[in-house]
Amino acid sequence: MNILITGGAGFIGSHVVRRFVKNYPNINIYNLDALTYAGNLENLRDVENAPNYKFLKGDIVDADYINEIFNKYKFDGVIHLAAESHVDRSITDPLAFVKTNVFGTVNLLNASVSSWKNDFSEKRFYHVSTDEVYGSLGDKGLFLETTAYDPNSPYSASKASSDHFVRAYGETYGLPFVITNCSNNYGPNHFPEKLIPLFINNIIENQPLPVYGDGKYTRDWLYVEDHARAIDLVYHKGRKYETYNIGGFNEWQNIDLVKLLCKQMDVKLGRAEGTSEKLITYVKDRPGHDLRYAIDATKINEELGWEPSVTFEQGLEKTIDWYLNNKEWLNSVTSGSYKEYYQKMYN
Ligand code: NAD
Ligand code: TYD
């Protein structure tokens, strides 16, 4: 069996690739990634020589290339994670998100339909999406699989659009798909443009911690390996044409999360309690900032028995340890173009 995983050099994708390569020696895993600023083959050093792993450098926006690899490798399944993934970047360059997240997804759908159309049985197109497609919650309530789409950022609008295309290809062409909408992930290999790794890096460097607005925004955090395990389960056991929400049952207001992170970092760095908290700096808010995301993960729990395996405190500690033990990784991704991005974004 041959599975194409897109975006496997990125944060979540690398954990999914590692899990599949290690757990399924009889499945050939093809990791297709354009290696944008967010893609990094260092994330997969430990599996790069595995006999069932192959890296393909390519862009999902290039339809000819996508058709070529489908013809060559005869994929039986696709797990699609490649995307532009950062809300702040989507505000400054929305078209990049339309290209990769919408055009790129449609190219993969077209290639899947044309190579599988004679026999869809045993085939599967798994689209990895986000809870951000549902828009923002108020103080109460949770996102269900049936919650209406209401995206607010160019990022979430592009993901919502790609979800709609996947569903439409199921209805129109019979493509056997499954979609998951997951809450905010954290863990090793997370690019330091997102809240947790950016703040870990800044604490190490004694730099200000830029909290947007009043810091009262709420996210539901899930450890990345728990997401990878959910993807494995849904790929193999999820019902086709279904959506599953995945979440951590773990809501934190940004400011409380940042304070917990500061506390844990002070201990790890041997700094006096309260040292890192002094770096907290309130900055201008993100435009269109969603107030609250929170997932009701009852469906995946009841149907497939999935639940998170670590508490937030445990996951955060594992994450901090990983960054402190992988300074080279952190230094290499925060040099060069990252510096320009940071300057433009925060100064
Ligand atoms: P990421 O930005 O860390 O990685 C994205 C990967 O896709 C990178 O390796 C990049 O090189 C690759 N890529 C980008 N454009 C490409 C293109 N045109 N062709 C081929 N490869 C390309 O993202 P992530 O955080 O790992 O997210 C992965 C997926 O999970 C995305 O679809 C995202 O929407 C979704 N998701 C993320 C989160 C989260 O909290 N990070 C939560 C829910 C869902
Ligand atoms: P982020 O990690 O970008 O994920 P998302 O926007 O997809 O939820 O942001 C998480 C939360 O942290 C969000 O409410 C925005 C906030 N945030 C800051 O306050 N400062 C920052 O520098 C960043 C990157 C995010």
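In each ligand, atom 1 is the first atom listed, and ligand 1 is the first ligand listed. This is a predicted model, so every value here is computed, not measured.
Atom numbering of ligand 1 starts at 1 in the shown order; those under 4.0 Å from a heavy atom of Tyr155 are 33 (C), 34 (O). Those atoms of ligand 2 with a heavy atom of Val211 less than 4.0 angstrom away are 19 (O). For ligand 2, the atoms lying closer than 4.0 Å to a non-hydrogen atom of Val87 are 6 (O), 7 (O). Of all atoms in ligand 2, listed by their number and element, those nearer than 4.0 Å to a heavy atom of Glu193 are 24 (C). Every atom of ligand 1 is numbered from 1 in the order shown, and the set under 4.0 Å from a heavy atom of Gly58 is 19 (N), 20 (C). Against a heavy-atom cut-off of under 4.0 Å, Cys182 is close to the following atoms of ligand 1: 42 (C), 43 (C). Against a heavy-atom cut-off of under 4.0 Å, Leu35 is close to the following atoms of ligand 1: 11 (O). For ligand 1, the atoms sitting less than 4.0 Å from at least one non-hydrogen atom of Val128 are 30 (O), 32 (O), numbered in the order shown with element in parentheses. Remark: ligand 1 atoms within the under-4.0 Å shell around heavy atoms of Ser183 are 42 (C), 43 (C). Listed by number with element, the atoms of ligand 2 under 4.0 angstrom from any heavy atom of His86 are 3 (O). In summary, the atoms of ligand 2 found under 4.0 Å from a heavy atom of Tyr293, numbered by their order in the structure, are 8 (O). Against a heavy-atom cut-off of under 4.0 Å, Ser85 is close to the following atoms of ligand 1: 1 (P), 2 (O), 23 (O). Those atoms of ligand 2 with a heavy atom of Glu132 less than 4.0 angstrom away are 5 (P), 7 (O), 8 (O). Close contacts of ligand 2 with Tyr217, meaning ligand atoms under 4.0 Å from a residue heavy atom, involve 14 (O). Residue contact check: Pro210 has heavy atoms under 4.0 Å from atoms 18 (C), 19 (O), 20 (N), 21 (C), 22 (O) of ligand 2.
Ring-plane geometry between Tyr342 and Tyr338 is classed as tilted, the angle between the planes lying from 30 to 60 degrees on a 0 to 90 degree scale. By the 30° and 60° cut-offs, the orientation of the rings of Phe70 relative to Phe75 is perpendicular. Ring geometry for Tyr155 versus Phe97: interplanar angle over 60°, hence perpendicular rather than tilted (30 to 60°).
Nearest protein heavy-atom neighbour of atom 12 (O) of ligand 2: Asn254 ND2, 3.3 Å. Residue, atom and distance of the protein heavy atom nearest to atom 3 (O) of ligand 2 are Arg286 NH2, 3.0 Å. For atom 22 (O) of ligand 2, the nearest non-hydrogen atom of the protein is Tyr346 OH, 2.7 Å. From the protein, the heavy atom lying nearest to atom 4 (O) of ligand 2 is Asn184 ND2, 3.3 Å. In this structure, the protein non-hydrogen atom closest to atom 10 (C) of ligand 2 is Leu195 CB, 3.9 Å. Looking from atom 15 (C) of ligand 2 to the surrounding protein, the closest heavy atom is His289 NE2, 3.4 Å. The protein atom (non-hydrogen) at minimum distance from atom 19 (O) of ligand 2 is Tyr212 N, 2.8 Å. In terms of protein heavy-atom proximity, atom 8 (C) of ligand 1 is closest to Asp33 OD2, 3.6 Å. The closest protein non-hydrogen atom to atom 8 (O) of ligand 2 is Arg219 NE, 2.7 Å.
Counting heavy-atom neighbours within 6.0 Å of Phe103 CZ, excluding the residue itself, gives a total of 12 or less. By the neighbour-count criterion of 12 heavy atoms within 6.0 Å, atom NZ of Lys299 is densely surrounded, having more than that number from other residues, nucleotides or ligands. Within 6.0 Å of the NZ atom in Lys240, the count of heavy atoms belonging to other residues, nucleotides or ligands does not exceed 12. Enclosure of atom CD in Glu313 by more than 12 non-hydrogen atoms of other residues, nucleotides or ligands within 6.0 angstrom is indicated. Other residues, nucleotides and ligands contribute at most 12 non-hydrogen atoms within 6.0 Å of the CZ atom of Phe165.
Looking only at side-chain heavy atoms (C-beta outward), Ser136 and Asp150 stay at 4.5 Å or farther from each other. In this structure, the side chains of Pro192 and Ile200 stay at 4.5 Å or more apart for every pair of heavy atoms. Contact of the Leu56 side chain with the Asn31 side chain is not registered, since no non-hydrogen atoms from C-beta on lie closer than 4.5 Å.
Centroid-to-centroid, the aromatic rings of Tyr149 and Tyr134 come within less than 6.0 Å. Taking the six-membered ring where the residue is Trp, the centroids of His164 and Tyr169 are separated by 6.0 Å or more.
With a 4.0 Å cut-off on non-hydrogen atoms, Thr130 does not touch ligand 2 at all. Contacts of Lys159 with ligand 1, taken as heavy-atom pairs under 4.0 Å, involve the side chain alone. Neither the backbone nor the side chain of Tyr155 has a heavy atom within less than 4.0 Å of ligand 2.
The shortest N or O to N or O distance between Asp59 and ligand 1 is below 3.5 Å. Backbone and side-chain nitrogen or oxygen atoms of Thr130 are examined, and none is located within less than 3.5 angstrom of a nitrogen or oxygen of ligand 1. Considering backbone and side-chain N/O atoms, Asn184 never comes within less than 3.5 Å of an N/O atom of ligand 1. Checked by distance only, ligand 1 and Ser129 stay at 3.5 Å or farther apart across all their nitrogen or oxygen atoms. The distance criterion of under 3.5 Å between nitrogen or oxygen atoms is met by Ala34 with respect to ligand 1. The N/O atoms of Thr100, backbone and side chain alike, include one that comes under 3.5 Å of an N/O atom in ligand 1. Between Ile12 and ligand 1, a contact under 3.5 Å exists for at least one N or O pair. When only interatomic distances are considered, the shortest N/O to N/O separation between Val61 and ligand 1 does not fall below 3.5 Å.
Using a 4.0 Å cut-off between a side-chain N of Lys or Arg and a carboxylate O of Asp or Glu, Asp232 and Arg19 qualify as a salt bridge. Salt bridge absent: Lys318 and Asp321 never bring a charged side-chain N and a carboxylate O closer than 4.0 Å. Ion pairing between a basic and an acidic side chain is recognised when a charged N comes within 4.0 Å of a carboxylate O; Lys123 and Asp76 show such pairing. One finds a salt bridge joining Glu303 and Arg239 here, because a Lys/Arg side-chain nitrogen approaches an Asp/Glu carboxylate oxygen to under 4.0 Å.
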### Message
Run Asn43 and Asn189 through side-chain hydrogen bond (donor to acceptor under 3.5 Å, both in side chains) and show every step you take.
### Response
CA-CA 7 Å; Asn43 296 345; Asn189 310 96; 3.0 Å; yes
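One option in Ala82, Gly104, Ala83 has a heavy atom closer to atom 14 (C) of ligand 1 than any other, and that option is Ala83. Among Ser162, Gly7, Ala96, the residue whose heavy atom sits closest to atom 6 (C) of ligand 1 is Gly7.
Residue contact check for ligand 1: Thr6 places no non-hydrogen atom closer than 4.0 Å to it. Residue Ala9 places a heavy atom less than 4.0 Å from ligand 1.
A cation-pi arrangement is found for Arg89 relative to Tyr341, the charged atom lying closer than 6.0 Å to the ring centre and inside a 45° cone about the ring normal.
Hydrophobic clustering (side-chain heavy atoms under 4.5 Å, transitive across Ile, Leu, Val, Met, Phe, Trp, Tyr) keeps Val47 apart from Tyr30.
Each of Thr319, Ile320, Asn326 was evaluated against Trp322; a single residue qualifies, Asn326, per the side-chain contact (heavy atoms from CB on, under 4.5 Å) test.
A donor-acceptor distance shorter than 3.5 angstrom exists from the side chain of Thr6 to the backbone of Ala82, with no hydrogens or angles considered.
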